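Presented below is the structure to which this report refers.
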Amino acid sequence: MEDNRTIFRHGMRDGLPIGLGYFAVAFSLGIAARGYGFSPFQGFLASLLTYASAGQYMGFSLYAANTALIELIVLTFIINARYILMGFALNQRMPAGTPLGTRMLVGTCITDEIFGITIARPGVPTPYYTFGALITAVPMWAVGTALGISMGNILPARIVSALSVALFGMFLAVIIPPSRKDKAVAGAVIVSFACSLAAGKLPVISDLSQGNRTIILTVLISALFAVLFPRSEEAAEKEIMGEAEKISEDVEMYSRAEGGDADE
């Protein structure tokens, strides 16, 4: 039986490769944030408290566009709503008697990758493993953002421009794999692109702010496809577990590679 300290250390170990990945993406995010007028400290603090790539990029861009606060809050809620479901799934598997405060704290620690390695770890999920992974991964996300902002002042303009494209590559990496597996997802992506383009051109709706247009399109398109292509709970659970196992395998492979390098 592992004690809590050992479990915490295992979480820190498994959070290291996630943190390295976060650092690379956060660097690109920082370059984008620099273009929106954020200082390195502001970017560091935002990433340390938020650690949500898509949500932060949206937040930075809408903040720079002087979007109303209520729009920013609603959009952030919509984009990050999946973490609520992940929190429910993870808390249902925690040991009986886990205090409510601890469960709520675990909910604030969830990212896609941390949820994946936590839920895929053999045995009953424990908060200490999640906390350990967070302690390692999130500071690297925050530091990457700050360095991206500060290094943007040093690197040549061509390199900054090239690195900025990496953030859009991240979004493509998010939507392309599930689109290839599921035609409904592919259809939703195509419809979203088309509607977003049309919303910026059509009368009346084009007069709305970017934030309100995004809210309206997100709710309508997601609701439409949820009705037309409903998914059973079993299918959703199977997909979540499959993704979690893949993330866990990637982390294990990286850990073994590090161990091999150390032995040499």
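Predicted model only: the values in this text are computed from it and were never measured.
- Judged by distance alone, the side chain of Thr136 and the main-chain N or O of Met12 form a donor-acceptor pair under 3.5 Å.
- Taking OG1 of Thr130 as the start and CG of Leu105 as the end, the distance is 9.5 Å to the nearest 0.5 Å.
- Applying the side chain to side chain donor-acceptor pair (under 3.5 Å) test to every pair with at least one member in residues 184-198, sequence neighbours left out, gives no pairs at all.
- Follow the hydrophobic side-chain contacts under 4.5 Å out from Ile221 and you never reach Ile190; the two are in separate clusters.
- Grouping the Ile, Leu, Val, Met, Phe, Trp and Tyr side chains by contacts below 4.5 angstrom, directly or via other members, places Phe229 with Leu224.
- The backbone N or O of Leu72 lies less than 3.5 Å from a partner atom in the side chain of Thr76, making a donor-acceptor pair.
- Relative to the ring axis of Tyr128, Arg5 does not place its NZ or CZ within 45° and under 6.0 Å from the centre.
- In the hydrophobic clustering of ILVMFWY residues, with side-chain heavy atoms under 4.5 Å counting as a link, Phe193 and Ile176 come out together.
- Annotation: ring-ring contact (aromatic ring centres under 6.0 Å, His included) contacts involving residues 58-107, sequence neighbours excluded, comprise Phe38-Phe60, Phe38-Tyr63.
- The CD1 atom of Ile110 sits 10.5 Å away from the CG atom of Leu134 when rounded to the nearest 0.5 Å.
- Using a 4.5 Å cut-off on side-chain heavy atoms (C-beta onward), Thr118 and Arg93 make no contact.
- In terms of heavy atoms, Pro125 sits closest to Leu90 at CB-CD1, 3.9 Å.
- In this structure the side chain of Thr111 never reaches within 4.5 angstrom of the side chain of Phe115, judged on heavy atoms.
- Listed here is the closest heavy atom pair of Ala199 and Ile205: O-CG2, 3.6 Å.
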Considering only distance and modelled atom types, tabulate donor-acceptor pairs under 3.5 Å from the side chains of residues 40-48, sequence neighbours left out.
| unit_1 | atom_1 | unit_2 | atom_2 | d |
| --- | --- | --- | --- | --- |
| Gln42 | OE1 | Ser39 | N | 2.9 |
| Gln42 | OE1 | Ser39 | OG | 3.4 |
| Ser47 | OG | Gly43 | O | 3.3 |
| Ser47 | OG | Gln56 | NE2 | 2.9 |
| Ser47 | OG | Trp141 | NE1 | 3.4 |
| Ser47 | OG | Thr145 | OG1 | 2.7 |

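- For the atom pair Leu75 CG and Met58 CE, the distance stands at 5.0 Å (nearest 0.5 Å).
- Atom SG of Cys109 and atom CD1 of Ile135 lie 8.0 Å apart (nearest 0.5 Å).
- Of all the heavy atoms in Thr98 and Pro95, the pair that sits closest is OG1-O, 2.7 Å.
- Nearest heavy-atom pair, Ile18 versus Ile114, reported as atom, atom and distance to 0.1 Å: CD1-N, 4.3 Å.
- Cluster annotation: Val106 is not connected to Leu100 through the hydrophobic network of ILVMFWY side chains, with a link wherever side-chain heavy atoms come within less than 4.5 Å.
- Heavy-atom minimum distance, Ser206 versus Pro203: OG-CA, 4.0 Å.
- Scanning all heavy atoms of the two residues, the minimum distance from Ser150 to Leu147 falls at OG-O, 3.2 Å.
- Clustering ILVMFWY residues whenever any of their side-chain heavy atoms sit less than 4.5 angstrom apart, transitively, puts Val185 in a cluster other than the one holding Val227.
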Test log, rule side chain to side chain contact (heavy atoms under 4.5 Å, CB included), inputs Thr126 and Tyr129: CA-CA 6 Å; Thr126 63; Tyr129 182 81; 4.0 Å; yes
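- Expressed to the nearest 0.5 Å, how far CZ of Arg34 lies from CE of Met151 amounts to 11.5 Å.
- With values rounded to the nearest 0.5 angstrom, Thr67 atom OG1 is found 12.0 Å from Ile73 atom CD1.
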